[in-house]
Structure formats: structure tokens, C-alpha cells
Amino acid sequence: MSQFSKDLIAWYQLNKRSFPWREQINVYHTWICEVMSQQTTLAVVLPRFKEFINELPDLHSLANCSDEKLRKLWVGLGYYARARNLRNGAQYILQNFDNKFPSCKDEWLKVPGCGPYTASIISSICFNEPVACVDGNVVRVVSRILGMNKDVWEKIGQEKISCYVNECIPKNYPGCFNQAMMDLGATVCKKQNPICQECPIQKYCYSFKNNIVSLCPPNKPRKDFQTENIFALLLRRNKKLEYSIILRNQGFLAKTKGFPLLCSKEGYSKEKILAVANKLNLKTTCLEKTFKHSITHHKITGHTFVIDCNEDDYKVKSLLKHFALPEKNEWFALAHIKQNISSSLDLKVLKTLSSE
DNA sequence: GAAGCGTGGTC
DNA sequence: TGACCAAGCTT
């Protein structure tokens, strides 16, 4: 093992963060926590991980869990395909791996929702496979070690970084090494205000020695935000006591339950929606109160339409059909809506209603 | 290769 | 208040 790897691992043994999934090696726990942590801050993950494991403690319970249970366990976590992939993955593993877990990176790569990072970290931690993983932390740490102030986000730079960690990874302690790199990136080699004076691998760091830490890595080029208007339809019946939610089939938040949504991106506008509702003779108002919401690369202003349907189911179906929305809908009393939605966008819609 | 996909925390 | 970002994957 290189002195660099020895120094890093020695630091990790003394300074590693304690997490529920680090108490003992458990493949199921490692898989769940890694997927839950994709593009998500650990402060958010921690309580939700415990809840998930309590409710779905093993492969079988996950593979067989209901849509409802899965939805509740992922409320507010975002990137909802991850939850669906976890259940799909559990079913895939049970069907293809004879009641065991995949035991190498190439097998994990076939599990839904597991890409190069997740397959590598699970295989290195749980099966001692000497495969390096490259997440956002590792990109930052290595780009500083190598003094990369350009090309980091291009293919050439990513290959260089990947090549470096693959050469460093010790055959006997791949899991420790991978976690050490990530912990170092998260606690010492931070994006903002790195604590170089406490860094165990300072003497290997080109950017530290040459005083260019602040230039490495360069900022990732950001895509411009699109500005959109989104229109939530609150279909109301039964003396205005019950509201309708659907399983959204396309656009933002597809495959999650919530209010029917129409987006300016699809050509919808306040006027067009009002015109359709009027044509069906449905009493419709657009609330004054709007809300803001962000979804990756989109800045969204939300508008709430309240549509009184009385008991005219035919008109409801016509309306939904006109907008190419799923015609299968469920009605809930306002007080129960909250327990049947996942996205914080839907909660913001509800807030516009209650503030009227 | 690039676009699409969510959210809560942080400064 | 708002911009930026975090243990990426899929198409």
C-alpha cells in the first residue's frame, strides 16, 4: 500500500464519522443509505434512513411493500424514481440472485438505480472488491491533490481522476479507502473553506504546496435556469369538501400522486385553462396567491385553480381528458390530502388554498 | 454527451 | 430572500 493510502486510512480510523449504516457491515443497509444519499445531504438522510429500515428491514419487505408505504417513506426526499428503483431492485435481486445479494460491481451495476458510484461503494465496503468510487467529494479531493484547475468536468479530467483513484486503492482495504476519501472531502477538503492545516495528506497535495487550492477544482459550468409557470388544478366536489388527486403520468413529478399539474412548458396558460373550464361550464377561479418552487434547472411560479365540479363526474373526466391527464382520480377531504401526497410542491399548492 | 429529475440546508 | 449545492442515475 502506498504511504499516501496508509496516511489517509490512518486518519480515517481516528476521524471517521459515525452513521447508523457504519455500525456493522450490512449489505442491505449500505445499499439503502447509498441510494438515499444520491444528490441528497446527509442531515436529511439520517432520520429518513432509520425510518426506512424500521419499516422495511430487509429485501423481502422492500420487494413486497405497497405503493403507499413506499410513497410515505420517500415523502419530501425528491428524485422519486430512486424509491421505485429500490423496490424494483429488491425484486430483481430476489429473482436473479437466489435470495442473496450481488457480490461484485458488475452485478450491482445491473440493479435498477445503481450506477458506477453506487455499485463501487457497495462492492468495496461489503465485498472488499478493490474498485474505486468517484463521487463529488472524490472529484474535489483528487483535483486538489493533482492541482487540476481545468478539464475537471470534461471527459479527459474525469478519466484522469478515475485513473488516479484506481491506482491508489489498496487491495486489502478498498472500502476504508473509498469512505476515507469521501469523509475527507466532506469534513476537511470541503468545497468552501477547506481546513488544509488539518489535512492528513497535505504533503501529497500539489494545489496546497503551490497555493492554488482555491482554483481546484474550477466551478462546474451551470446550465441556465428555465422560468416556468405551473398550474395546479384543485378539482372540488361534495359541497366543496373533497379534492381530487391523481397519479401524474408526465412532466414534473411524473409517477407521483398529487394535484393535476399543467406547465407553461407544454404551452398552457391561465387563459387557456380558464377557457376549457368555462366551456365545460365549471365554476373556476385562479387564486391570487402564488408560490415559488425549484426543480433542477427550472424556476417555477405556481398558480392554483379551484374548480367546482359539484357531483358532475362526466365533466371531471372531460376536463382531465382534455388536458391529457390521467382520468383515474381519487377524492379526499382536505384534511386527508396531506397524507396522500409526496412532493413539497403539492404542499405549497395546499398552502395557497389555506391562505385564501 | 447532454438533458431531465427534487428537495432541504446553508451562507 | 435567493443562489448554490449534496454519497448520481437514466434516457
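Convention: sequence-line order gives letters A, B, ...; per-chain numbering from 1.
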Would you mind reading off the distance between [X] atom [atom1] and [N] atom [atom2], rounded to a whole angstrom?
{"X": "W31(A)", "N": "dC9(C)", "atom1": "CH2", "atom2": "P", "result": "14 Å"}
{"X": "D224(A)", "N": "dA2(B)", "atom1": "CG", "atom2": "P", "result": "15 Å"}
{"X": "Q192(A)", "N": "dA6(C)", "atom1": "CD", "atom2": "C1'", "result": "13 Å"}
{"X": "F225(A)", "N": "dC4(C)", "atom1": "CZ", "atom2": "P", "result": "7 Å"}

Which residues within [range] lie with some heavy atom under 4.0 Å of an atom in DNA chain C?
{"range": "residues 5-20 of chain A", "answer": "R17(A), F19(A)"}
{"range": "residues 150-172 of chain A", "answer": "none"}
{"range": "residues 100-122 of chain A", "answer": "P112(A), G113(A), C114(A), G115(A), P116(A), Y117(A), T118(A)"}

Nearest 0.5 Å, please: how far is [atom2] in [Y] from [atom1] in [X]?
{"X": "H60(A)", "Y": "Q91(A)", "atom1": "NE2", "atom2": "CD", "answer": "11.5 Å"}
{"X": "I25(A)", "Y": "I122(A)", "atom1": "CD1", "atom2": "CD1", "answer": "12.5 Å"}
{"X": "K69(A)", "Y": "L62(A)", "atom1": "NZ", "atom2": "CG", "answer": "10.5 Å"}
{"X": "F291(A)", "Y": "K348(A)", "atom1": "CZ", "atom2": "NZ", "answer": "7.5 Å"}
{"X": "T304(A)", "Y": "E288(A)", "atom1": "OG1", "atom2": "CD", "answer": "11.5 Å"}

Between dG6(B) and dA6(C), how many Å separate the two C1' atoms, rounded to a whole number?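 dG6(B) and dA6(C) have their C1' atoms separated by 12 Å.
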
When you compare dC11(B) with dA7(C), how far apart are their P atoms, in angstrom units rounded to a whole number?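 Their P atoms lie roughly 14 Å apart.
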
For P326(A), check side chain to side chain contact (heavy atoms under 4.5 Å, CB included) against everything at least two apart and list the hits.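 P326(A) satisfies side chain to side chain contact (heavy atoms under 4.5 Å, CB included) with I246(A), N249(A) once adjacent residues are dropped.
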
Mutual orientation of the aromatic rings belonging to W108(A) and F101(A) [parallel < 30°, tilted 30-60°, perpendicular > 60°]: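 Rings of W108(A) and F101(A): parallel, as their planes differ by under 30°.
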
Has K317(A) got a side-chain atom pairing as donor or acceptor with E327(A)'s backbone, closer than 3.5 angstrom?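 A pair under 3.5 Å: yes.
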
Return whichever of N85(A) or W21(A) has its heavy-atom-nearest nucleotide of DNA chain C closer to the 5' end.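 Of the two residues, W21(A) wins.
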
Polar contact flag, side-chain donor to acceptor under 3.5 angstrom, [X]-[Y]:
{"X": "Q3(A)", "Y": "Y204(A)", "answer": "no"}
{"X": "S120(A)", "Y": "K105(A)", "answer": "yes"}
{"X": "N137(A)", "Y": "R140(A)", "answer": "yes"}

The criterion is salt bridge (Lys or Arg N to Asp or Glu O under 4.0 Å); which residues satisfy it with E330(A), sequence neighbours excluded?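 Per chain and number, E330(A) pairs via salt bridge (Lys or Arg N to Asp or Glu O under 4.0 Å) with K257(A).
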
Is the number of heavy atoms from other residues, nucleotides or ligands under 6.0 Å of I156(A) CD1 greater than 12?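 It does not: I156(A) CD1 has 12 such atoms or fewer within range.
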
Considering every strand and a 4.0 Å limit on heavy-atom distances, what is the contact class for [X]: base, sugar-phosphate, or nothing?
{"X": "K292(A)", "result": "nothing"}
{"X": "W74(A)", "result": "nothing"}
{"X": "K220(A)", "result": "nothing"}

Of the non-hydrogen atoms in Q38(A) and R82(A), which two are nearest, and what is the gap between them?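 Shortest heavy-atom contact: O-NH1, 2.9 Å.
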
I need a per-nucleotide contact map over nucleotides 4-11 of chain B, read 5' to 3'. Cutoff is protein heavy atoms under 4.0 Å; write B for the base, S for backbone only, - otherwise. SBBBSS--

